[in-house]
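What follows is one structure encoded as structure tokens, with my remarks underneath.
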Amino acid sequence: MRGLRNKGVLVTGGASGIGAATAARFLEEGAQVCVLDRDPKGNDAIQASLPGLRATIRCDVTRTEEVRAAFDQAVALMGGVDVVINNAGISIRHRFLEITAEDWDRVLAVNLTGVFHVAQTGARHMIQRGKGVILNTASTNGIAGYPFYADYNATKAGVIELTRSMALELAPAVRVNAVAPGYVLTPMQRAEYTDEMLEEVNRKLPLGRHALPEEVAALFAFLASDDAAYITGHVYCLDGGELAGGLASR
Ligand code: NDP
């Protein structure tokens with residue numbers, strides 16, 4: 001991809017899954033990369049497997065002060081943050097009627113409020129510098145309805161609308177887009193699905209398999225690059241054809 005060499009990239013939720021693959025991809029592109037994650041063991045593990053990382057910064061995105069301090073650290077280490085991959089997220093598989101107030105608050109705190117804290121902190125820095133790219137991780141769950149994830153789905157729909165609104169207010173200096181993956185084989189997905197459930201999903205998908213985290217990382221790299229200089233305010237699905245046919249395809 002063009003224009004990523006030496007750029008400062010901050011990846012939230014970068015210790016695992018899609019975030020870890022994205023950190024690796026930006027390193028391959030010659031960027032400077034800091035990972036931000038709440039999981040200290042995960043941070044140590046990703047630093048060991050990607051020694052080229054500038055740093056792993058322990059931070060809970062639900063806490064605005066921690067986000068600001070982590071961002072300052074990333075700026076100091078990389079000389080500025082050009083790209084934010086706003087990716088940390090959680091999900092809980094439960095029926096709508098069984099969602100507790102605590103579950104609801106927990107999912108919203110990470111997936112929507114956390115995304116907001118990171119996006120606003122990043123945007124303030126980028127507007128000052130007159131340039132930057134913010135990429136938010138949404139989901140196909142923010143576009144279509146899915147059972148057992150009502151709280152999660154609501155947050156991802158919120159991320160999509162936040163993305164569009166930010167893109168309008170921050171243009172032309174800062175580009176903002178969302179990536180909406182379908183089913184991706186990551187620890188988050190594995191934690192909630194048995195082997196049989198994974199197989200059942202694979203059978204339904206036109207491309208017949210889950211996405212690899214590296215495939216989502218490739219889309220992030222493209223959207224962050226100069227090749228995507230005219231792209232802002234959109235949501236890009238990477239779903240193996242899942243949403244193409246709606247109910248008719250099931
Ligand atoms: P993983 O669980 O593999 O990775 C998410 C990382 O984010 C973990 O290291 C996690 O730490 C961290 N994290 C969670 N909460 C916070 C927080 N409050 N502050 C900082 N870090 C935090 O998930 P995925 O890679 O699968 O998911 C990444 C993103 O992609 C999420 O936003 C998810 O919703 C989205 N997505 C995933 C899909 C999939 O099929 N896997 C499909 C569509 C979207 P910890 O381990 O401590 O929770």
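Every number for a ligand or one of its atoms is a count from 1 in the order of the listing.
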Please confirm whether [X] comes under 4.0 Å of ligand 1, counting heavy atoms of the residue only.
| X | result |
| --- | --- |
| His210 | no |
| Ser91 | no |
| Thr137 | yes |

Side-chain heavy atoms of [X] within contact of [Y], under 4.5 Å:
| X | Y | result |
| --- | --- | --- |
| Phe220 | Thr137 | yes |
| Val84 | Met126 | yes |
| Leu112 | Val159 | yes |

Considering only non-hydrogen protein atoms, determine which one is nearest to [atom] and report residue, atom name and distance to 0.1 Å.
| atom | answer |
| --- | --- |
| atom 23 (O) of ligand 1 | Met188 CB, 3.4 Å |
| atom 28 (C) of ligand 1 | Asn87 OD1, 3.4 Å |
| atom 18 (N) of ligand 1 | Asp60 OD1, 2.9 Å |
| atom 45 (P) of ligand 1 | Arg38 NE, 3.6 Å |
| atom 43 (C) of ligand 1 | Pro181 O, 3.4 Å |

Best match, [options]: closest heavy atom to [atom]:
| atom | options | value |
| --- | --- | --- |
| atom 42 (C) of ligand 1 | Ser139, Gly89, Ala191, Gly182 | Gly182 |
| atom 1 (P) of ligand 1 | Ala45, Gly42, Gly14, Ser16 | Ser16 |
| atom 37 (C) of ligand 1 | Ile18, Asn111, Thr62 | Ile18 |
| atom 20 (C) of ligand 1 | Gly13, Ala211, Cys59 | Cys59 |
| atom 8 (C) of ligand 1 | Asp39, Ile46, Val115, Asp37 | Asp37 |
| atom 24 (P) of ligand 1 | Thr140, Val110, Thr186 | Thr186 |
| atom 34 (O) of ligand 1 | Tyr152, Tyr193, Tyr183 | Tyr152 |

(message) Taking 4.0 Å as the limit for heavy-atom contacts, which would you say applies to Ala138 with ligand 1: side chain only, backbone only, both, or neither?
(response)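 Within the 4.0 Å criterion, Ala138 contacts ligand 1 through backbone atoms alone.
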(message) Just to be sure I read this right, does ligand 1 sit under 4.0 Å from the backbone of Ile90, its side chain, both, or neither, counting only heavy atoms?
(response)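 For Ile90, the contact with ligand 1 is made by the side chain alone.
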Taking the side chain from [X] and the backbone from [Y], do they hold a donor-acceptor pair closer than 3.5 Å?
| X | Y | result |
| --- | --- | --- |
| His117 | Val67 | no |
| Asp37 | Thr56 | no |
| Gln189 | Tyr183 | no |
| Arg175 | Ile231 | yes |
| Asn43 | Leu36 | no |
| Thr163 | Asn177 | no |

(message) For a side-chain contact (heavy atoms from CB on, under 4.5 Å) check, start with the C-alpha distance between Ser16 and Asp39, then their side-chain angles and the critical distance, and finish with the verdict.
(response) CA-CA 9 Å; Ser16 176; Asp39 176 4; over 6 Å; no
(request) Check the pair Arg25, Glu29 against salt bridge (charged side-chain N to carboxylate O under 4.0 Å, His left out), reporting the backbone distance first and the verdict last. (result) CA-CA 6 Å; Arg25 175 62 191 253; Glu29 297 286 346; 2.9 Å; yes
(request) Say whether Ala15, considering both its backbone and side-chain N or O atoms, lies within less than 3.5 Å of an N or O atom on ligand 1. (result)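 Between Ala15 and ligand 1, no N or O pair is found under 3.5 Å apart.
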(request) May I ask you to check whether Val61 has an N/O atom sitting below 3.5 Å from an N/O atom of ligand 1? (result)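 Checking ligand 1 against Val61, an N or O pair does fall under 3.5 Å apart.
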